[in-house]
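Atom set for the values below is all heavy atoms of this structure, side chains included, hydrogens, waters and symmetry mates excluded. To find a chain, count down the sequence lines: A is the first, B the second, and so on, and within it residues start at 1.
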There are 2 protein chains.
Amino acid sequence: MATIYEVSKLAGVSLATVSRVINNTAPVRASTKEKVEAAMRELGYRPNSVAQSLASNRSNSIGILVSELGGPFYGELLSRIESEFRAVGKHVIVAAGHSDAELERESIEFLRSRNCDALILHVESVSDDYLRGLADSGTPFVVINRHVAAVADRCITLDNELGGYLATHHLLERGHRRIAYVSGPMWKHDASERYKGHLRALKEFSVAEDKSLFFEGDFQETGGVRALHHFLDAKAKFTALVCANDEMASGAITVAHEVGLEVPAELAVVGFDNVNFSHYTYPKLTTVDYPIEAIGQMAARWVLKHVYQQPVPELKAVFQPQLIPRDSA
Amino acid sequence: MATIYEVSKLAGVSLATVSRVINNTAPVRASTKEKVEAAMRELGYRPNSVAQSLASNRSNSIGILVSELGGPFYGELLSRIESEFRAVGKHVIVAAGHSDAELERESIEFLRSRNCDALILHVESVSDDYLRGLADSGTPFVVINRHVAAVADRCITLDNELGGYLATHHLLERGHRRIAYVSGPMWKHDASERYKGHLRALKEFSVAEDKSLFFEGDFQETGGVRALHHFLDAKAKFTALVCANDEMASGAITVAHEVGLEVPAELAVVGFDNVNFSHYTYPKLTTVDYPIEAIGQMAARWVLKHVYQQPVPELKAVFQPQLIPRDSA
DNA sequence: GCTATAAATGAAAGCGCTTTCATCATAGGC
DNA sequence: GCCTATGATGAAAGCGCTTTCATTTATAGC
């Protein structure tokens, strides 16, 4: 691989000048620029990004930390973030935190040691304090899907409470009054927020909260399976089920089929997230849309603006979910 | 951030010695090592990976190029690859090629310019010649899910032909004789291989190929939708449908529900890939398992062995798919 | 044509590390 | 004890680039 030095020799200019035409960082006479570019072409020169990073103290890399790299949800997030950065010549380093505080912290350190210019974090377990400390340490980062008061200006979130409200409201509007709720782990911020929204909707329709119609799942398919079995075993009376995400809703629908409960006639089901497979269920899942791509894009733009000083369209911090009525409720 | 220089001063040794204890690259007296480690701890020192890369000509990063970052399939692949590398302190840079030759080439160049130590490529559109050239250029890389004769030693593949055979064989064994086939784009290697396997199974059961029962889809849900509509509109007679991937199978099942065709009683459906949502369909999808994680792991190990000279368990180049019988066929 | 100012360019000092080579200390072998 | 073979360590030269600062060249004003 040719180096900048060889280019400068061939073009008959100094290293500095070559660097200037590469980075367009200072005016260079048109004829000089021409010569340099010709030399670069001739040598098939491509700047060594590592050397650039070391010298400029910018790595042009952004670290992304999500809970799981697999799964429908994060895939779309990554996809969007990558394409945003790719378009401006930056690259994305990914890591998984697996919803574990220790792992999350370790992953963040890992990304930091990689000299990422910024981090985009989807972290669930690490404490608010830790994030505050991280901000103090000077590492630029954005947090997705979590509101942390101490670093509120770097949080991009979905109004989960509204989402929970929307889901339950939809059912209430259609006359359901006995609505069971399958939550995610309540220590997760989004899970508890969604549940709050559920309660608000109930209240609005003067339906009292019934603890026997609450089940704390795990945001996985099995959570939905166990939930429905639990309610059925307890002989709970309910005509509708709201699940705090689509995976659990799928699990619940599977069980409904198995026990011969017709959806939505005997049991209406609504999910949350609108992941890509949510319309593969039968009947197609009514759910609340999580605008994950828009959020990913916004996170990328935050970085573009605050770290790379690029002009970007207006930033938005809180996104509104939307109900997607399909066939299951 | 502290530098190696400060550590060496505090520990009262030279830069070289500090480097040695960091990299464990030459013997250092235990007492010296102790001092250095203490100094590192005291300063909260972490090596600057960019400087390390520049000096050692190793970036400790691996570029991964897949068609789409979203989607069930690639997510699991990435997930596995990342965790393999993460465990040994290497990081993963991701890019998407979107099945487009130009984009794939550009992405590869992009990753190369990032000084990746190796690339793991899931490329569909770039030519065999291009890959040969890439190999000649000295960039280490592995190709996943595609056999390229010129660089056969760097290909890790699934026996797609066998997979296609298995799917159709399963149906034939259960008495089906009129089996429609929904393929992926035939220019994609895996799609054509799977179809070959289908034909082999038919032949084995002395069933003649019927071109009217073939439909070339797009590996997307809509492909399955269009396929089934196509067959139905053409009043084709068939009792089973094999789809070259699960997305298309889902689409087909959805249509079956819509038109009141009972699965599997009136129409047996088998998919391919066994992606994570394949059991969310109703009935649960019978499919062919694509051991994507194992393949990801193997790709990572190939790199570990050939690029980082690490000892790894035996490498395997061709994986055998397996039929996963569920409820749809 | 001459100076004052701005535009182009070059020289050289790093960026934080690895690695070669030389040096010094230590331990056996006789 | 002396010599040699190792084991430990340090000095210093890069890795390929960016960036400051100084210098040279062009432009304008009179």
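- Sorted by first then second residue, the side chain to side chain donor-acceptor pair (under 3.5 Å) pairs that include residues 133-155 of chain B, not counting sequence neighbours, are B:Arg112-B:Ser137, B:Arg112-B:Thr139, B:Asp128-B:Arg146, B:Ser137-B:Thr139, B:Asn145-B:Asn160, B:Asn145-B:Asp190, B:Asn145-B:Tyr290.
- Evaluation of the ring pair (Phe, Tyr, Trp, His ring centres under 6.0 Å) test over residues 10-29 of chain A, restricted to residues two or more places apart or in two chains, returns none.
- Listed by first then second residue, pairs satisfying ring pair (Phe, Tyr, Trp, His ring centres under 6.0 Å) with a partner in residues 90-129 of chain B read B:Tyr74-B:His122, not counting sequence neighbours.
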With both pairing distances under 3.5 angstrom for Watson-Crick or G-U wobble, and | for a partner in another strand, the correct string for DNA chain D is ||||||||||||||||||||||||||||||

Would you give a per-nucleotide map of nucleotides 9-19 of chain C, 5' to 3', where B means the base has a protein non-hydrogen atom under 4.0 Å away, S means only the sugar-phosphate does, and - means neither?
BBB--BBBBSB

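- For the salt bridge (Lys or Arg N to Asp or Glu O under 4.0 Å) test, no residue two or more places apart in sequence or in another chain qualifies with B:Arg58.
- Considering only residues two or more places apart in sequence or on other chains, A:Arg105 meets the salt bridge (Lys or Arg N to Asp or Glu O under 4.0 Å) condition with A:Glu102.
- Considering only residues two or more places apart in sequence or on other chains, A:Glu104 meets the salt bridge (Lys or Arg N to Asp or Glu O under 4.0 Å) condition with none of them.
- For the salt bridge (Lys or Arg N to Asp or Glu O under 4.0 Å) test, no residue two or more places apart in sequence or in another chain qualifies with A:Glu68.
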